[in-house]
Undergrad: 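Got a structure for you, written out below as structure tokens; questions coming shortly.
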Amino acid sequence: MQTNFAPAQLADPAMAASEKILRTCVHCGFCTATCPTYLLLGDELDSPRGRIYLIKDMLEGGKPASQEVVKHVDRCLSCLSCMTTCPSGVHYMHLVDHARAHIEETYTRPAGDRFLRALLAQVLPYPNRFRLALTAAKLGAPFRGLVARLPRVGNRLAAMLDLAPAGTPPREPTNRPGRFPPASGRAAETPPRRVALLRGCAQSVLRPDFNAAAIRLLNRHGIEVVHAAEGCCGALTHHMGKEASAHAHAKQAIDAWDAEIAKGLDAILVTASGCGTTIKDYGFMFRDDPAYAEKARRVSALAKDVTEYVALLDLAPVAESDLVVAYHSACSMQHGQGIRLEPKTLLKRAGFTVKDVPEGHICCGSAGTYNILQPELALKLRARKVANIERVRPDVIATGNIGCATQIGKGTGIPIVHTVELLDWATGGPKPAALAGVAPRLEAAE
């Protein structure tokens, strides 16, 4: 794609990076075949290629974001399926992130929209605030009908109420800064390996069992786990274009992990693939920050999805199972990080029957805060995803992202768990709480 940026514009590193991405695009349109919003709406401007044209015109012309640009960029899920499909290697993620930051700086949203986005940015990344918000949502649930009729924001506030769980899990004892040493006896065999594990924000409130299972599994295999005081990774506000907030969260995480790296760290593990995609991109995000560039690169280099790390371990299943598992690969996992085989291979090694989900490359509609900010499109995508999952008639759904677990879980009665919960169970851990209603099928392996 030809571009016509002025030299002064290209002096801005962000603009120079976007110009390089734009020039990589060859207009082929392969991306339209796998873009969820294009499949739903059939509008070229709701495809990656269409958005690229809009973003190019906006950035190249030095224009403030227009209402039309905002509408179509807001509809983008950042699922990154287009990046998997693109034969030219267009780094759409960095381009749309730049566009969102430009929108945040140059476009004045309606008051209700500004309020809702500010609310999400001030609540979701903070576990204690989020827990209080879930309590408020429970109290507000009987008034959903009235809330939905509020002008401009009613549909999105109603979506927030719909997504809130009926009850909030109790606080998990391991959800605190500290170290969790290997299981007794394992450390004596070999010096324990040491990893940091992201505590997370929303996940630590909604499904604290995810990280608890990861800690048990890792400890059982001789690995020390450290929870640093890192806080939110910044992914939620980053994808809302709130660059200052996202960078502040990210810097706190980088500082916390860099201190642990100095003590010796084999990896920084993440059980939420949406967070993992952002953490692996810290090196790019802070490439021009003299105080954080090197530290960010160190963190990104050590960041791994938990299944990437566990795939290197010698797992020893102690039970056999005939449970049928539908593996839902989160977009941030398969498209953002390129992790496609490890989770399924691990589940098969643990003795589960694993089924691929038809149209597995299409997003479920979660996408961070998308299912709140674009509820109508998110509901259509969830219905499509759930129908495809139920076609394979699984006993349980496994995934590696809290957003997907929440989104899909609201659309089906099939229990949904994290991949690491099943691996923990198969290697001697407790049965996942979400499977309490599933008839026991595990038998001791001979």
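What you see below is based on every heavy atom in this structure, not just the backbone, and it leaves out hydrogens, waters and symmetry mates.
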Undergrad: Is there a side-chain contact between V417 and T399 (heavy atoms, below 4.5 Å)?
TA: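 A side-chain contact is absent here, since even the closest heavy-atom pair is not under 4.5 Å.
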Undergrad: A side-chain contact here means heavy atoms from C-beta on lying under 4.5 Å apart; do R298 and W257 qualify?
TA: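 No, too far: nothing below the 4.5 Å cut-off.
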Undergrad: If only atom types and distance count, is the side chain of N388 paired as donor or acceptor with the main-chain N or O of V357 below 3.5 Å?
TA: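 The answer is no, because no donor-acceptor pair under 3.5 Å joins these two groups.
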Undergrad: Does any donor atom in the side chain of H94 or D281 lie under 3.5 Å from an acceptor atom in the other side chain?
TA: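 Looking only at side-chain atoms, D281 and H94 do form a donor-acceptor pair, the distance falling under 3.5 Å.
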Undergrad: Is it true that the side chains of T278 and H238 contain a donor and an acceptor less than 3.5 Å apart?
TA: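 Checked: T278/H238 side chains show no N/O donor-acceptor pair below 3.5 Å.
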Undergrad: Going by side-chain contact (heavy atoms from CB on, under 4.5 Å), V195 matches just one of I268, V225, V306. Which one?
TA: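 Answer to the side-chain contact (heavy atoms from CB on, under 4.5 Å) test with V195 among I268, V225, V306: V225.
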Undergrad: Side-chain donor-acceptor pair under 3.5 Å between Q203 and T271, yes or no?
TA: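 Distance-only check passes for Q203 and T271.
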Undergrad: Measure from the side-chain N and O atoms of R156 to the backbone N and O of R152, and report whether any donor-acceptor pair falls under 3.5 Å.
TA: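 Yes, R156 side chain to R152 backbone: donor-acceptor pair under 3.5 Å.
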Undergrad: Indicate yes or no: does E243 engage R100 in a salt bridge with an N to O separation below 4.0 Å.
TA: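 Salt bridge absent between E243 and R100.
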Undergrad: Taking all non-hydrogen atoms of both residues into account, name the closest pair between P165 and K410 and its distance.
TA: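 Looking at all heavy atoms of both residues, the closest pair is CA-NZ, 4.0 Å.
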Undergrad: Should D356 and R340 count as an ion pair when the cut-off is N to O under 4.0 Å?
TA: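 No.
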Undergrad: Side chains of P394 and K355, heavy atoms from C-beta outward: is any pair under 4.5 Å?
TA: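 No, side chains not in contact.
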Undergrad: Is the closest side-chain donor-acceptor distance between T307 and T419 under 3.5 Å?
TA: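 There is no such pair (donor and acceptor under 3.5 Å, judged by atom type) between the side chains of T307 and T419.
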Undergrad: Whether the side chain of S300 engages the backbone of G283 through a donor-acceptor N/O pair (distance < 3.5 Å, no angle test) should be reported.
TA: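 Indeed, once roles are kept as given, a pair shorter than 3.5 Å links the two residues.
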Undergrad: Apply the test side chain to side chain contact (heavy atoms under 4.5 Å, CB included) to residues L313 and I223: give CA-CA distance (whole Å), side-chain angles for both, the deciding distance (0.1 Å), then the verdict.
TA: CA-CA 10 Å; L313 304 180; I223 298 160; 3.7 Å; yes
Undergrad: Distance only, no hydrogens: is a donor on one side chain within 3.5 Å (strictly under) of an acceptor on the other, for T37 and R51?
TA: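 Yes, R51 and T37 have a side-chain donor paired with an acceptor closer than 3.5 Å.
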Undergrad: Can we call the ring centroids of Y370 and H239 under 6.0 Å apart?
TA: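 No, the ring centres sit 6.0 Å or more apart.
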Undergrad: Run the salt-bridge test on E230 and R199 with the 4.0 Å N-O cut-off and return the result as yes or no.
TA: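 A salt bridge is absent here (no side-chain N lies under 4.0 Å from a carboxylate O).
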Undergrad: Do S66 and E68 get their side chains close enough for a donor-acceptor pair, meaning under 3.5 Å?
TA: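 There is no such pair (donor and acceptor under 3.5 Å, judged by atom type) between the side chains of S66 and E68.
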Undergrad: Assess K56 against Y53: is NZ or CZ under 6.0 Å from the centre of the six-membered ring, and within 45 degrees of the ring's axis?
TA: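 Judged by the rule (NZ or CZ under 6.0 Å from the ring centre, within 45° of its axis), K56 is not positioned above Y53.
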Undergrad: Please confirm whether the backbone N or O of N175 pairs with a side-chain atom of N211, one donor and one acceptor, at under 3.5 Å?
TA: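 No, the answer is negative, given that no donor and acceptor are paired below the 3.5 Å cut-off.
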Undergrad: Under 4.0 Å between a side-chain nitrogen and a carboxylate oxygen: does that hold for R117 and D74?
TA: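 Between D74 and R117 there is a salt bridge, with a charged N closer than 4.0 Å to a carboxylate O.
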Undergrad: Please determine whether a side-chain nitrogen of the Lys or Arg among K295 and D258 lies less than 4.0 Å from a carboxylate oxygen of the Asp or Glu.
TA: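 No.
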Undergrad: For R75, is there an ion pair with D46 - N to carboxylate O distance below 4.0 angstrom?
TA: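 Between R75 and D46 there is a salt bridge, with a charged N closer than 4.0 Å to a carboxylate O.
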Undergrad: Does K304 come within less than 4.0 Å of E342, counting only side-chain N to carboxylate O?
TA: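 No, no charged N to carboxylate O under 4.0 Å.
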Undergrad: For the residue pair D305 / S273, report whether a side-chain donor-acceptor contact shorter than 3.5 Å exists.
TA: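 There is no such pair between these side chains.
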Undergrad: Does CZ in R176 sit with more than 12 non-hydrogen atoms of other residues, nucleotides or ligands closer than 6.0 Å?
TA: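 Atom CZ in R176 is crowded, with more than 12 foreign heavy atoms closer than 6.0 Å.
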Undergrad: Is it the case that the ring center of Y107 lies less than 6.0 angstrom away from the ring center of H102?
TA: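 For H102 and Y107, the ring centres are not under 6.0 Å apart.
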Undergrad: Determine whether the aromatic ring centres of Y126 and H249 lie less than 6.0 Å apart.
TA: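 Yes.
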Undergrad: Side chains of H361 and S81 only: does a donor on one sit below 3.5 Å from an acceptor on the other?
TA: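 There is no such pair between these side chains.
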Undergrad: Under a 3.5 Å cutoff, is there a donor and acceptor pairing between the side chains of E172 and S204?
TA: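 Result is no, nothing qualifies.
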Undergrad: I want to check a possible cation-pi pair here: R207 against F210, using under 6.0 Å from ring centre and within 45° of the ring axis as the test.
TA: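 R207 over F210 ring: no.
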Undergrad: Do any pairs count as a salt bridge (charged side-chain N to carboxylate O under 4.0 Å, His left out) and have a residue in residues 368-389, sequence neighbours left out, and if so which ones?
TA: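 For residues 368-389: E359-R384.
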Undergrad: Is it true that a side-chain atom of T427 and a backbone atom of D424 form a donor plus acceptor pair closer than 3.5 Å?
TA: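 It does hold such a pair.
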Undergrad: Taking C-beta and beyond as the side chain, do I339 and Q334 meet within less than 4.5 Å on heavy atoms?
TA: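 With C-beta onward as the side chain, the pair stays apart.
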